[in-house]
Amino acid sequence: MQRIYYLSLEFYMGRTLQNTMVNLALQNACDEATYQLGLDMEELQEIEEDAGLGNGGLGRLAACFLDSMATLGLAAYGYGIRYEFGIFNQKICGGWQLEEADDWLRYGNPWEKARPEYMIPVHFYGRIQHDHDGVKWVDTQVVLALPYDTPVPGYRNNTVNTMRLWSARAPNEFNLKDFNVGGYIQAVLDRNLAENISRVLYPNDNFFEGKELRLKQEYFVVAATLQDIIRRFKSSKFGSRDPVRTSFDAFPDKVAIQLNDTHPSLTIPELMRVLVDIEKLDWDKVRPCMGGNGCRDFLRQARKINPQHSKSLYQGVGQRFSCIKVYAKFPGDLDRMRRMSMVEEGSVKRINMAHLCIVGSHAVNGVARIHSEILKATVFKDFYEFEPHKFQNKTNGITPRRWLVLCNPGLAEIIAERIGEDYISDLDQLKKLLAFVEDEGFIRDIAKVKQENKLKFSAYLEKEYKVKINPNSLFDIQVKRIHEYKRQLLNCLHIITFYNRIKKEPNKHFVPRTIMIGGKAAPGYHMAKMIIKLITSIGDIVNNDPVIGDRLKVIFLENYRVSLAEKVVPAADLSEQISTAGTEASGTGNMKFMLNGALTIGTMDGANVEMAEEAGEENFFIFGMRVEDVDELDRKGYCAKDYYDHIPELKQAIDQMSSGFFSPKQPDLFKDIVNMLMYHDRFKVFADYEAYIKCQEKVSALYKNTKEWTKKVIKNIATSGKFSSDRTIAQYAREIWGVEPTRQKIPAPDDPRE
Ligand code: Z16
């Protein structure tokens, strides 16, 4: 049997209770049982902590993939780190973000089982000694990797896979020395040094973290996981023919290792080190069995963590993928050879981890069609020309179990009434709903479910945050990490413009909107934190202006996370996906909204492109520059001031920000933001301002016509099937891992229709 190993520094799982009940078809039985006990299942579910072992899209993708791999019956394992503290909890105080530690294990974690029998030592630092039969790595510091297993049930298919997360433990003999001299207490206290490796998730999304502790985390998960993979391989019938020396001939056919981004890319030199130095294989027997997901360009220092890796890199990858091969294909092109080197030139030898990933993997994929094309045309152009067969696309997806059945049971139910339940594990079947686009009853049901979800979310906001919103207004929602490239500032400019228009013509009719923005800023990302303060400050002015009434409300959704997404996504009318074209690799929030009956306002970026293609552009609010336009503008030179000078409403909004209209007590509070937008905006917010505002006008106009709006909603839901992570995973399985997914279905015990 082929085993799939999905390595990731993040698994953003959220809660597990309801997901377990959905996948095991126990939900009705449990609802009934708790009801008999006088308990409310939903109230119980709210007690569970989110497993927040991720930052955003990358970690949530890993979680969706686990669900799909189990549902497709693959023998797949997720491997990562059991962070003691996940992504921080965000508190908003006086409009600013404060970070609170996420002590998610405080009351225990009932879903995990420690497996001390599979504890593995991981070595750090030390030096290399050469002797007669090879090299020895000596004087190392040892940290034990203690695995915790969490079950990953497939959707009603009698399959349960495992997510194995490593926790760092100091060995008992840690710092062992002559304690008579009085170092005993300090030695015990120092155990923290080793155990800090799995203490906390680095809270940056889409940002390279160059800290030593982060590199140690990466090596820790990689080294422990590879030892586990090799142990399991050896105990299988393929690895154990010779009791003295394992044959690794079958290894590449029995083991597929998928890397989530470049974060676990030390897998490549570490596997080489283990096979050559420990298992004593010849260099030329070590052929890659790795796939690499969504490699992005960044450089990184090769450091002292494992001194043998630099040798692996020079001799192993370097030898088989030597400059000679590049030279043979492109004779005389010395510049190309230099560009493609894994070891960067300069006095400090830096390893280019993206290059390492490509060279050491048999396949590399982008995460949406446009992203894959950009990689081939830009950052990996040389590598694409050298080995075009390696480059693939796997457009991201989301699991319809959590992101429809679990979070939006009302919608799942009315869909099932029309087309049955099989769509839940075969999402393309949603296409059958196209037959109901003109069906008055279905249109009414869709609109009704949306209204119920909006009422429920309004009640939640009122109860938890004491804010009252108008549930009849258009719910316009942007939830994602706060990032300049995601352009929450463009959203802010629309809010201000909308506000100014109401103020200018207070008696005119406006389609009422509730604009909600949520997301965490990386603690060290100053501009992102200022953006949060700007949003809350705009809210303070807008929400308390009597002229505005309930025609416009601005809400910052505090502590956006998986469990909050499950509440807000089903309530959305409009999904904001407005990144500068060419900057969002895929996006996956966009897909959640589409599946849950929101329309999208978005740029031609990431997976938006394919979503619009599926839905039909006439059912999608596309605006702004395409990638080619952005490139063109770069060649011409982007000048924000030109837009400011020529668009009066834009000028007014910016002038209000710089004059303290939104921060009367601190008039120059937003000067950094204004200065950035005017003079060094890498994401060209002003260039898309006009198109965005016009597009928002079209949104409002359509929203007035509930029936036409709802028809477009139905067309979006019906064509969202492509964005199931089941489709994504089936493609990984067939096109990278070389396995055929199988889906066996067992009848749901508590469902009278079965
Ligand atoms: C991350 O969340 C993503 C990319 C990355 O290199 C690092 C992190 Cl932490 C995101 C992308 O920004 C997003 O577009 C994509 O949908 C997601 O990864 C899953 O592929």
Side-chain angles (χ1 to χ4, degrees), residues 6-12 52-66 68 80-81 83 86-87 201-209 214 217-218 258-265 291-300 353-354 357 364-372 374-375 379-380 392-399 403 478-488 519-522 525 528 560-562 565 575 577-594 602-611 683 723 725 728-729 731-732:
Y6 194 83
L7 268 68
S8 180
L9 269 285
E10 304 186 16
F11 286 93
Y12 203 171
L53 308 186
N55 275 288
L58 172 136
R60 185 53 234 176
L61 186 75
C64 284
F65 281 4
L66 291 185
S68 286
I81 296 175
Y83 300 107
I87 189 66
L201 168 78
Y202 275 95
N204 303 308
D205 188 88
N206 266 290
F207 178 79
F208 169 64
E209 182 62 77
R214 166 67 187 204
Q217 290 181 338
E218 293 177 2
Q258 182 72 31
L259 308 179
N260 194 13
D261 208 315
T262 49
H263 310 155
S265 59
N293 175 359
C295 284
R296 282 126 182 130
D297 55 323
F298 56 53
L299 309 177
R300 166 170 315 206
M353 296 306 262
C357 275
V364 180
N365 68 278
V367 292
R369 192 209 296 142
I370 190 176
H371 176 238
S372 298
I374 290 172
L375 293 183
V379 280
F380 299 151
Q392 299 197 19
N393 173 247
K394 298 288 167 280
T395 298
N396 281 168
I398 56 170
T399 170
W403 297 114
Q478 185 177 26
V479 283
K480 49 184 78 255
R481 290 296 291 257
I482 311 293
H483 248 292
E484 288 161 272
Y485 86 81
K486 294 176 189 282
R487 296 201 297 190
Q488 281 90 359
K520 292 173 184 176
Y525 189 173
Y560 178 63
R561 61 199 185 284
V562 173
S575 158
Q577 308 298 337
I578 58 178
S579 53
T580 314
T583 64
E584 188 72 272
S586 162
T588 45
N590 48 2
M591 302 167 185
K592 294 165 198 170
F593 286 104
M594 184 186 191
T603 47
M604 280 300 212
D605 198 19
N608 297 353
V609 176
E610 291 158 77
M611 287 164 50
F683 303 105
F723 307 102
S725 49
T728 312
I729 287 298
Q731 286 185 311
Y732 275 96

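Counting starts at 1 for both ligands and their atoms, following the listed order.
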- Query: Just heavy atoms, cut-off under 4.0 Å: does Y485 contact ligand 1 by side chain, backbone, both, or neither?
  - Reply: side chain
- Looking at L61, which atoms of ligand 1 are within less than 4.0 Å of one of its heavy atoms? 19 (C), 20 (O)
- Task: Closest by any non-hydrogen atom to atom 11 (C) of ligand 1: pick that one out of N206, N204, I398.
- Result: N206
- Task: Please confirm whether D205 comes within less than 3.5 Å of ligand 1 when only nitrogen or oxygen atoms on both sides are compared.
- Result: yes
- side-chain contact (heavy atoms from CB on, under 4.5 Å) test vs Q478 passes for just one of R487, Q488, Q577, namely Q488
- Note on the structure: Note: ligand 1 atoms sitting under 4.0 Å from heavy atoms of A585 are 14 (O)
- Query: Do F65 and S8 come close enough that some side-chain heavy atom pair is under 4.5 Å?
  - Reply: no
- Task: Determine, considering heavy atoms only, which of E10, E584, R60 sits nearest to atom 13 (C) of ligand 1.
- Result: E584
- Item | Any side-chain heavy-atom pair of K480 and T588 under 4.5 Å | no
- Note on the structure: A student checking ligand 1 against D261 at a 4.0 Å heavy-atom cut-off should list atoms 5 (C), 6 (O), 7 (C)
- Would you say N365 and Y732 make side-chain contact, with heavy atoms under 4.5 Å? yes
- Task: Say whether G587 and ligand 1 are in contact under the criterion: heavy-atom distance to a ligand atom below 4.0 Å.
- Result: yes
- Does a donor on one side chain sit under 3.5 Å from an acceptor on the other, for E10 and N260? no
- Task: Answer yes if the ring centres of H483 and F207 are under 6.0 angstrom apart, and no otherwise.
- Result: no
- Logged contact type for L58 with ligand 1, heavy-atom cut-off 4.0 Å, is both
